[in-house]
Amino acid sequence: MINESSLSRELNEPQLAAVTTIDGPVLVIAGAGSGKTRTLVYRVAHLINSGVAPESILLLTFTRKAAQEMLWRAGRLINDSCSRVTGGTFHSVANMLLRRYGSALGFAPSFTIIDRADAEGIVNLLKSSLQLTANRKQFPSKRVIVNMLSGSVNKARPLSDLIYEDYAHLSEYAEEIVRLQQHYQSFKVDHGLMDYDDLLVNWRRLLAEVPAVREEIAERYRYLMVDEYQDTNPIQADIVRLAAYRHDNVMVVGDDSQSIYSFRGADFYNIMRFPEIFPGTRIVKLEQNYRSTQPILTLTNDIIRNAVEKYTKTLYTRIEGTRRPQLYAARDEKAEADFVVGRINELRREGVALHDMAVLFRSGFHSFKLELELGSHGIAFEKRGGLKLTESAHMKDVLAVLRLLVNPFDTLSWNRLLLTIDKLGPKTAQKITAILAASSEPVAALAAYPGGKGWQEGVNRLVQLFTRLLEHEPVPAALCDIVLDWYQPVFERLYADDYPKRQKDLEQLRTIIASYDDLQRFIDDTALDPPEADLQAYHEDSEALVLSTIHSAKGLEWQVVFIIGLADGRFPHASAFPGEQWEEERRLLYVAATRARQRLYLSYPRELMGADRRFNRVSMSPFLAELSPASYERIEPLPPGGDWLAVRPMPSTAAAAVKPVRKKKLALEDFSLGCRVNHPFFGTGTVRKLNAPRSLDVAFDRHGLKTLHLDYATLNLVDG
DNA sequence: ATCGCCACCGTTTTT
DNA sequence: CGGTGGCGAT
């Protein structure tokens, strides 16, 4: 039981107002680090405490992990597991409801959720079958097309309008793209596939078009809470409105300055409109920051002060601290990485744990150089927003089989499996899948398909696999074993060079599957919330530095935060042009900087490698340039007394001094199999293979097998 | 006509 | 790393 006095000790005045409001719409406008999560947690606890049934609460958060975490905390507060509260993302809740009520809209509950890669696969298939590329060279890439299709759904605008406004440079292809969209839609319907956008669109349809279901849902979930409301799109706003049409018990929490997802349709005007849509809304503002020290807050307020936005709020804090954020202008990316590594080592000596520090950046590849440096210094790190376990090729092969068990008309998976067969290529695979999709019994149709010379055997094995699976009891773990049994030889042939490494992933998959007793649930979960590739990520106590894109760092905080790559052209992203996109990039920087509790380091390289391996000088990000110089401290390129200079490995300044003493380039003939070499980054290694004309494979003692090009790598022979 | 292999290029952000 | 395009082999 929460008692009222502990409540008022923990929460401030405005939070208390939000928490204890039992009925009616509430809008909480909250700054970064102001205790949004805490407010929601207490609200859940308070509701249950006052006799509201947990089943009637629906908590929508940005990630599924956030929902779990909140419910766990609320459970601790009131001595109840809160496990009967429904919590998750819009997408996962949509999935649950559509499985239950989807028949009212006329679709089978066996649909498969597809991710971005699947969507790109479909677009590719259609692109070639519609012959859209016949006479065109510059037809937009499938990634761009998927973005456009999704954007048009999320922004609730016809595709052709979107093309002429947001993608004007592609307008000459408008007709083809619209045609592609139509085919894409019917392809999904025909094959029982549903993408992320469909989940939301169909949830809204369910509420808008089927009164009985709307009634049932509104009756059941009498309390609705939405976190990160600034990241919802118009569809999601509609869903909230429709789902609460009976009771209006909605509490949304958001910060307009942290809206960073407009590229996928999020519209922070949802926050401004909320009071109009729900008349009688109580508005609560949280302006006290519980996270960062004043100097950090001064800087972040300064960042957002330059926004053209109208809704200004200035955060204040009571947390002591005098250390100003530091700005470091590095000579190049290597020097920037050295700076970060040096500071990290220093901080560790002062007693800061590695997992209390994070490095944030705009785009995934901005951290490549740093990853290399961290590796050679033996600093463990964990990259967020990188490749997920289920995104690697071998994982998808296994998942394709499991997906077909649930939805035999999933053409994408058939296609994928057929391609694993030797001597069977894209053309044949397409021919076969077309027949399978049209038949009522795909497996039987596959067995009956007249085989070709080289690949009949492979098809037979596939048919056998499915016969075995269908005979077996549908216990996920057992099914998985059968699949792995079939997959082993395929896998060893396909990934001959590095299959031992990938095998570990498969074992991990096996353990994950074992914890499920329903195959459908497993498939849904992997599509909606892919497990991380790192085993370490599962252990809270893992001692690893976090590297993350800013987008993936949303809602998190660390004691020490580095933001790297703050150069013109990197941040804001080169293709963001002034206007709303520019503003979003600024908010992105704001989000990044507000992740820091105690210390904040900003850095940028003054030299970057451009398109064709030429170095260009770049200046600092315009967002930094417009800040008041008093809000940060500049560090000179060579800080005095920094003993991290001593730990610095062989400086690549050899390149600067190299002009007069240029060493003779070694030719391939100078190396032989098995000879020992030295490399400035990777250290010593043994030559394993010589490739024509100027590259060779070297097995490094500390970094494994690498292929190097003599034109770029500076290798030296090691004597003895 | 189709498949497999090699070399090269470019990389926003994501539920 | 993943997608693509050219080329030789089947």
Side-chain angles (χ1 to χ4, degrees), chain A residues 60-67 88-95 113-117 119-121 124 128 133 137 141-144 146-147 150-151 153-154 195-200 227-228 231-233 235-236 259-266 360-368 371 383-388 391-393 396 419 421-431 452-455 493-494 496 498 527-530 548-555 565 569-576 581 584-585 587-589 591-592 609-613 691-695 707 709:
Chain A
L60 295 167
T61 55
F62 194 71
T63 63
R64 299 174 99 198
K65 273 172 217 122
T89 61
F90 274 88
H91 295 87
S92 65
V93 173
N95 177 41
I113 300 170
I114 59 174
D115 61 17
R116 262 196 113 60
E120 286 174 8
N124 227 23
S128 57
T133 50
K137 293 234 161 64
S141 75
K142 59 193 179 193
R143 191 178 305 176
V144 171
V146 170
N147 268 339
S150 170
V153 174
N154 286 325
D195 63 22
Y196 275 34
D197 300 334
D198 295 326
L199 286 171
L200 293 185
D227 194 13
E228 310 279 12
D231 289 322
T232 56
N233 61 32
I235 303 177
Q236 290 165 319
S259 161
I260 53 174
Y261 278 102
S262 74
F263 66 89
R264 71 176 196 217
L360 308 180
F361 33 86
R362 174 71 235 278
S363 311
F365 70 97
H366 290 171
S367 66
F368 285 173
E371 286 167 40
K383 190 169 174 182
R384 303 264 173 91
L387 221 70
K388 298 281 189 303
E391 281 168 5
S392 46
K396 284 186 175 169
L419 283 174
I421 297 171
D422 198 14
K423 306 240 166 27
L424 198 161
K427 286 288 175 193
T428 322
Q430 265 192 56
K431 261 186 249 167
K453 278 207 182 81
W455 43 265
R493 182 179 59 80
L494 247 42
D498 64 343
L528 290 168
D529 191 20
S548 172
T549 61
I550 298 173
H551 285 89
S552 306
K554 172 178 254 303
R570 278 204 161 175
F571 206 144
H573 189 263
S575 63
Q581 284 184 16
E584 176 146 327
E585 299 281 321
R587 293 192 294 267
L588 197 55
L589 178 59
V591 169
M609 196 162 68
D612 45 339
R613 296 176 196 281
N691 309 315
R694 293 188 55 79
S695 85
T707 302
H709 294 267

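Keep in mind that the numbers below use all heavy atoms, side chains included, and drop hydrogens, waters and symmetry copies. Just so it is clear: chains get the letters A, B, ... in the order the sequence lines come, proteins before strands, and each one is counted from 1.
- Under 4.0 angstrom from either OP1 or OP2 of B:dT14 there lies at least one side-chain N or O belonging to A:Ser552.
- When the P atom of B:dC3 is taken as reference, atom CD1 of A:Ile421 falls 11 Å away, rounded to whole Å.
- Counting non-hydrogen atoms under 4.0 angstrom, A:Thr428 reaches the backbone sugars and phosphates but no base.
- Atom pair A:Lys142:NZ and B:dG10:P shows a separation of 17 Å (rounding to whole Å applied).
- Within the 4.0 angstrom heavy-atom criterion, base atoms lie near A:Arg116.
- When heavy atoms are screened at a 4.0 angstrom cut-off, A:Phe90 is found touching no nucleic acid atom at all.
- As judged by a 4.0 angstrom heavy-atom cut-off over every strand, A:Asn95 is placed among residues making no nucleic acid contact.
- Across the interface with DNA chain B, nearest-nucleotide mapping of A:Gly425 and A:Leu588 shows A:Gly425 to be the residue nearer the 5′ end.
- Ring pair A:Phe263/A:His551: centre-to-centre distance below 6.0 Å.
- The A:Phe263 side chain lies nearest to B:dT14 when the options are B:dT12, B:dT14, C:dT4.
- No hydrogens or angles considered: nothing links the side chains of A:Ser548 and A:Lys383 as a donor-acceptor pair under 3.5 Å.
- If you take CD1 of A:Ile235 and C1' of B:dT15, they are 13 Å apart, rounded to a whole angstrom.
- For A:Tyr196, taking side-chain heavy atoms from C-beta onward, the closest of the listed nucleotides B:dT14, B:dT11, B:dT15 is B:dT15.
- At the phosphate of B:dT12, neither OP1 nor OP2 sits under 4.0 Å from any side-chain N or O atom of A:Ser575.
- Nearer to the 5' terminus of DNA chain B, by closest-nucleotide assignment, is the contact made by A:Lys431 (compared with the other of A:Phe368 and A:Lys431).
- A:Asp529 comes within contact range of no nucleotide atom at all, as no heavy-atom separation falls under 4.0 Å.
- A salt bridge links A:Lys554 to A:Asp231: one of the charged nitrogens lies within less than 4.0 Å of a carboxylate oxygen.
- Stacking of A:His573 onto the six-membered ring of B:dT12 is present: less than 5.5 angstrom between centres, less than 30° between planes.
- If you look at A:Phe90 and A:Tyr196, their ring centroids are not closer than 6.0 Å.
- Each of B:dT14, B:dC3, B:dT12 was ranked by its minimum atom distance to the side chain of A:Pro426; first place goes to B:dC3.
- Rounded to an integer number of Å, the gap from CG of A:Asp197 to C1' of B:dT15 is 10 Å.
- For A:Thr549, a side-chain nitrogen or oxygen approaches OP1 or OP2 of B:dT14 to under 4.0 Å.
- In this structure, A:Phe62 forms no aromatic stack with the base of B:dT15, since the conditions of centre separation below 5.5 Å and plane angle below 30° are not both met.
- Computed from coordinates, the A:Arg493 CZ to B:dC3 P distance equals 13 Å when rounded to whole Å.
- When every heavy atom of A:Ile235 is checked against every heavy atom of A:Val153, the shortest pair comes out as CD1-O, 3.6 Å.
- Side chain of A:Arg264, nearest nucleotide from B:dT13, B:dT11, B:dT15: B:dT15.
- Inspection of the A:Thr89 and A:His91 side chains reveals no N or O donor paired with an N or O acceptor under 3.5 Å.
- Backbone-only contact: A:Arg143 has heavy atoms under 4.0 Å from sugar-phosphate atoms and none from a base.
- Between the CD atom of A:Gln430 and the P atom of B:dC3 there is a distance of 10 Å, rounded to whole Å.
- Checking B:dG4, C:dG3, B:dT15 against every side-chain atom of A:His91, the shortest atom distance belongs to B:dT15.
- One interatomic measurement links the two molecules: NZ of A:Lys427 to P of B:dG4, which rounds to 14 Å at whole-angstrom precision.
- Look at CD on A:Glu120: it is 14 Å from C1' on C:dT4, rounded to the nearest Å.
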